[in-house]
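Below, read A as the first sequence line, B as the second, and so on, with proteins coming before strands; counting in each chain starts at 1.
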2 protein chains.
Amino acid sequence: MNNQVKIRESIDPKHLALQKTLDIICGKWRLYIIYQLDTQARRYGELRRMIPEVSEKVLIQELKDLVSLGVIEKKSYNEVPPRVEYSLTAKGLQVLPTLLSLTSIGELFLEP
Amino acid sequence: MNNQVKIRESIDPKHLALQKTLDIICGKWRLYIIYQLDTQARRYGELRRMIPEVSEKVLIQELKDLVSLGVIEKKSYNEVPPRVEYSLTAKGLQVLPTLLSLTSIGELFLEP
DNA sequence: CAGCATCCTTTAAGATACTG
DNA sequence: CAGTATCTTAAAGGATGCTG
C-alpha cells in the first residue's frame with residue numbers, strides 16, 4: 001500500500017483509527033475519485049475522462065488502493081471489449097457524508 | 001509549503017476547500033501535534049518529548065506549516081533560556097471536533 | 001477497453017551536526 | 001532551549017510503450 005501517512009507506531013486505538021483514515025483520504029486523487037463515484041458506478045474510461053490530469057498508472061493504483069481498503073469495489077464484466085465498473089461499497093457510502101464535511105474545514109481556513 | 005496533496009488545479013470551490021483541508025491534515029505528524037495541543041499550550045521541548053519518534057527538523061517544519069496555515073500559533077517569550085509556546089488558534093479549536101470525528105471513519109474500516 | 005511494466009522526476013521525511 | 005543547515009533516504013507521483 002502506498003500513501004501511508006503514519007501517525008505513530010501507535011498503541012492508542014484512537015491513533016490507529018486516525019492512521020487508517022489518513023490512509024484512505026491522503027492520496028492525491030483519492031477524494032476526487034470517491035466523489036466521482038458518489039451517485040453511480042463508473043467505468044474506468046469514464047473516470048479517466050473525468051479526471052484527465054491524472055496519469056493512467058496513478059489512477060489504476062489509486063483505484064486498487066481504494067478497493068483494497070474497502071472503500072470502493074470493482075466489477076468486471078466478461079465482455080468484449082472488456083467492461084469494468086467501480087462503485088462505492090456500503091462502507092464507502094457510509095463515510096461519504098463525513099468526507100464531504102471536510103470541505104467546511106478548508107472553507108474556514110481559506111478565508112483571509 | 002510541503003505536504004501538498006493536490007486534488008486538482010481546481011476551479012470548483014468545493015475542491016479548493018478540500019485541497020486546503022488536505023493541506024492541513026495530510027502530514028505525518030500534523031494531527032498528532034494538533035491533539036497534543038488541544039487542551040493547552042505546549043513548549044517546543046514538551047512536544048519533542050511527547051512525540052519522541054519525530055526528528056527535530058520535521059517537528060519544526062510541521063509546526064511552521066501549521067502556524068502558516070493558521071491552525072496553531074507560536075508565542076515567544078523573551079527570556080533566557082528562551083521559551084516558546086505553541087497553541088491552537090481560535091480556528092484550530094473550531095475545527096478540532098471535526099478532526100477528531102475522523103477517527104470514526106478509520107474505526108469503520110479497521111473492522112474485518 | 002482496461003491495465004501492467006519500466007523508467008524517471010519530485011517531494012516528503014529523516015539523521016546529524018551546528019548556532020543565537 | 002529552540003531552533004538552522006546540510007545531506008541522505010524513501011516514497012509518491014508521473015510519462016510512455018506494451019498486452020490480454
Atom-pair distance ([atom1] on [X]; [atom2] on [N]), nearest Å:
X: A:D23; N: D:dA11; atom1: CG; atom2: P; value: 14 Å
X: A:E62; N: D:dA12; atom1: CD; atom2: P; value: 10 Å
X: A:I51; N: D:dG13; atom1: CD1; atom2: C1'; value: 15 Å
X: B:N78; N: D:dC1; atom1: CG; atom2: P; value: 17 Å
X: A:E79; N: C:dA2; atom1: CD; atom2: P; value: 10 Å

Salt-bridge criterion met for B:K64 and B:E62 (N-O under 4.0 Å) =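 No salt bridge links B:K64 with B:E62.
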
Identify whether the distance between the nearest side-chain nitrogen and carboxylate oxygen of B:K74 and B:E85 falls below 4.0 Å.
->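 Salt bridge absent between B:K74 and B:E85.
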
Net bend of the helix from C:dC1-D:dG20 to C:dG20-D:dC1, end axes of five pairs each, nearest 10 degrees |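 End axes: 50° apart.
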
Between B:T21 and A:G106, is there a donor-acceptor pair closer than 3.5 Å when you use the side chain of the first and the backbone of the second?
->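 Pair found, side chain donor or acceptor close to backbone of A:G106.
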
So, the side chain of B:R30 versus the backbone of B:L63: is there a donor-acceptor pair under 3.5 Å, distance only?
->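 No: the side chain of B:R30 does not pair with the backbone of B:L63.
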
For the atom pair OH (B:Y86) and OG (B:S76), what is the distance rounded to the nearest 0.5 Å?
->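 Result: 7.0 Å between the selected atoms.
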
Any B:R83 side-chain N or O less than 4.0 Å from OP1/OP2 of D:dA2 |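 Answer no for this pair, as no side-chain N or O of B:R83 is under 4.0 Å from OP1 or OP2.
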
Just to confirm, is there a sub-4.0 Å distance from OP1 or OP2 of C:dA12 to any side-chain nitrogen or oxygen of B:W29?
->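 The answer is no; no side-chain N or O of B:W29 sits under 4.0 Å from OP1 or OP2.
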
Just checking, any donor-acceptor pair under 3.5 angstrom between side chains of A:D65 and A:Q61?
->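 Note: A:D65 and A:Q61 side chains miss the donor-acceptor criterion.
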
When we call it a touch if two heavy atoms are under 4.0 Å apart, what does B:R43 touch: a base, just sugar-phosphate, or nothing?
->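 Sugar-phosphate contact only - B:R43 comes under 4.0 Å of backbone atoms but never of a base.
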
Restricting both atoms to N or O, compile the protein contacts to nucleotides 3-7 of chain C shorter than 3.5 Å, with distance only.
| unit_1 | atom_1 | unit_2 | atom_2 | d |
| --- | --- | --- | --- | --- |
| C:dG3 | OP1 | A:K74 | NZ | 2.8 |
| C:dG3 | OP2 | A:Y86 | OH | 3.0 |
| C:dG3 | N7 | A:E56 | OE2 | 2.8 |
| C:dG3 | O6 | A:E56 | OE2 | 2.8 |
| C:dC4 | OP2 | A:K64 | NZ | 3.1 |
| C:dC4 | N4 | A:E56 | OE2 | 3.4 |

